[in-house]
2 protein chains.
Amino acid sequence: MKTEHRSGCPINLSLEVFGDRWSLIILRDMIFGGKRHFREMLNGSIEGIASNILADRLKRLMELGMLTKADDPSHKQKAIYSLTEMAITLVPIMAHLGAWGRVWLPVSEELSIRAELLEKGGPELWEQFMDELRHEHLGTPVAAPERPSVRATLQAAYEAVVARKASDGIKAPAA
Amino acid sequence: MKTEHRSGCPINLSLEVFGDRWSLIILRDMIFGGKRHFREMLNGSIEGIASNILADRLKRLMELGMLTKADDPSHKQKAIYSLTEMAITLVPIMAHLGAWGRVWLPVSEELSIRAELLEKGGPELWEQFMDELRHEHLGTPVAAPERPSVRATLQAAYEAVVARKASDGIKAPAA
DNA sequence: TGCAACTGATTGCAAAACGCAATCAGTTTG
DNA sequence: CAAACTGATTGCGTTTTGCAATCAGTTGCA
């Protein structure tokens with residue numbers, strides 16, 4: 001791993017980690033999309049990441065300590081990528097980024113409903129989500145009481161918007 | 001301005017705005033360093049930005065609506081760059097980024113004291129800071145009661161650490 | 001008046017990063 | 001045994017980056 005840093009400033013060092021156009025996208029898909037395999041990330045990416053870029057970034061994120069890789073028992077060639085605690089603690093940053101983007105940028109309704117719910121849920125919801133991610137990726141026991149998972153809730157809201165927009169389209173196709 | 005976006009996802013769109021290695025650095029220097037002029041940013045940058053990169057990013061940030069440029073009355077060739085509300089609302093993101101970097105990355109003590117104070121101050125301090133920036137860059141009246149400015153407080157803390165490390169160096173040079 | 005220092009940039013150029021398409025060897029499925 | 005799928009890798013042309021040098025106009029000082 002490279003140890004040459006431009007400065008010891010926290011913001012600069014953070015930028016050196018994900019100051020590019022793909023690293024955070026990959027982490028977003030793992031965190032909010034539950035993606036764990038190479039092909040899942042490659043084909044599921046709405047932004048259309050190229051396979052060589054994906055391979056390069058996964059490798060880089062592993063070197064940085066944000067991801068780990070393990071064999072998938074169900075398939076000798078399959079690899080499962082897991083988030084580390086370092087990556088899981090990005091959830092609040094993702095939430096803020098989403099909230100900021102929703103205010104200032106031309107976001108689409110269906111892709112921003114998750115950000116909206118995450119923002120409204122606040123730090124409490126973020127903590128619950130991070131606990132779920134720790135359970136899922138680090139194997140920690142479930143501390144919180146049983147309740148619908150944050151990711152499933154966000155996903156359901158996304159699908160509800162998609163369904164509503166589709167039915168709106170039937171009633172008023174040219175709207 | 002380009003209107004081609006990879007997707008309408010808030011996180012993706014945010015990355016398209018500052019998903020590079022310099023844009024946030026420039027905004028950081030303006031927000032926390034109070035830099036307003038080209039040369040100030042060029043020579044004051046601890047990361048050593050090149051003049052062509054700086055010119056390109058300033059132009060880009062203006063096109064994106066994050067900065068505005070105005071003539072400096074004191075010098076016909078001088079330009080004063082101002083933050084817009086869009087850029088000022090990045091303060092909470094900066095605070096989270098700094099807090100995350102402080103935990104996970106090899107930050108230097110003197111350059112992370114600001115991040116530490118900003119984190120401890122919480123949203124209340126961020127709001128006060130944003131109000132100061134609005135006054136400074138947008139000319140809004142000062143709503144809050146008179147008190148030492150957040151930037152000055154952060155700067156003083158930085159200088160105190162630098163001074164302490166220097167005197168430590170005299171007592172124990174090889175520490 | 002003359003000249004150095006300073007203003008916000010711009011240009012040339014080499015290196016690196018990007019991104020698309022094709023390809024790879026091994027694994028599983030039908 | 002062939003097709004589909006696994007996580008990648010390679011080649012190659014385009015774009016972006018970043019360093020050094022340079023630019024024209026402005027200001028301050030002698």
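All values below come from the heavy atoms of this structure, side chains included, with hydrogens, waters and symmetry mates left out. Just so we're on the same page: letters track the sequence lines, and every chain starts at 1.
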Exercise for the section: Return the value, rounded to whole Å, for the distance between atom CG of B:Leu67 and atom C1' of C:dG8. Expected result: 15 Å
Exercise for the section: Only counting residues at least two apart or in another chain, list the ones meeting salt bridge (charged side-chain N to carboxylate O under 4.0 Å, His left out) with B:Glu85. Expected result: B:Arg134
Are there any protein N/O atoms within less than 3.5 Å of an N/O atom in nucleotides 5-7 of chain C, and if so, which ones and at what distance?
| unit_1 | atom_1 | unit_2 | atom_2 | d |
| --- | --- | --- | --- | --- |
| C:dT7 | O2 | B:Gln77 | OE1 | 3.0 |
| C:dT7 | O2 | B:Gln77 | NE2 | 2.9 |

Practice task
Output all residues satisfying side chain to side chain contact (heavy atoms under 4.5 Å, CB included) with B:Lys76, sequence neighbours left out; order by chain, then residue number.
Solution key: none
Fill in the blank from the handout: Taking for A:Arg6 and for A:Glu40 the nucleotide of DNA chain D with the nearest heavy atom, the one nearer the 5' end belongs to A:Glu40
Problem - Contact list for residues 148-166 of chain B, test salt bridge (Lys or Arg N to Asp or Glu O under 4.0 Å), sequence neighbours left out - result: B:Glu109-B:Arg164, B:Glu110-B:Lys165, B:Glu136-B:Arg151, B:Arg164-B:Asp168
Exercise for the section: Decide whether A:Leu27 and A:Ile80 are clustered together by the hydrophobic rule: side chain heavy atoms of Ile, Leu, Val, Met, Phe, Trp, Tyr closer than 4.5 Å, transitively. Expected result: no
Problem - Set of residues satisfying side chain to side chain contact (heavy atoms under 4.5 Å, CB included) with respect to B:Asn43, sequence neighbours excluded - result: B:Arg39
Problem - Residues which pass side chain to side chain contact (heavy atoms under 4.5 Å, CB included) with A:Pro106, listed by chain and number, not counting sequence neighbours - result: B:His5, B:Leu13
Exercise for the section: Provide, to the nearest angstrom, the distance between the NZ atom belonging to A:Lys69 and the C1' atom belonging to D:dG7. Expected result: 8 Å
Handout entry: B:Arg102: salt bridge (charged side-chain N to carboxylate O under 4.0 Å, His left out) partners, not counting sequence neighbours
Key = B:Glu116, B:Glu119
Practice task
With a 4.0 Å heavy-atom cut-off, tell me which residues in residues 8-31 of chain A come close to DNA chain D, sorted by residue number.
Solution key: none
Completion exercise
A:Leu42 CG to D:dT9 C1', in whole Å, measures 13 Å
Practice task
Check whether the side chains of B:Thr89 and A:Trp100 place a donor and an acceptor atom closer than 3.5 Å, and report yes or no.
Solution key: yes
Practice task
Not counting sequence neighbours, which residues clear side chain to side chain contact (heavy atoms under 4.5 Å, CB included) with A:Asn52? List them please.
Solution key: A:Ala50
Problem - Atom pair CD1/CD1 of B:Ile49 and B:Ile25 - distance to nearest 0.5 Å - result: 8.5 Å
If you restrict it to nitrogen or oxygen atoms, what contacts under 3.5 Å exist between nucleotides 14-16 of chain C and the protein, and what is each distance?
none

Exercise for the section: Check each residue of residues 46-61 of chain B for a non-hydrogen atom within less than 4.0 Å of any atom in DNA chain C, then write out the ones that pass by number, or none. Expected result: B:Ser51, B:Asn52, B:Ala55
Problem - Side-chain (A:Arg60) to main-chain (A:Val17) donor-acceptor, under 3.5 angstrom - result: yes
Handout entry: Parallel, tilted or perpendicular, as decided by the 30° and 60° cut-offs, for the rings of A:Trp126 and B:His96
Key = perpendicular
Fill in the blank from the handout: So salt bridge (Lys or Arg N to Asp or Glu O under 4.0 Å) across residues 25-37 of chain A, not counting sequence neighbours, yields A:Arg28-A:Glu47
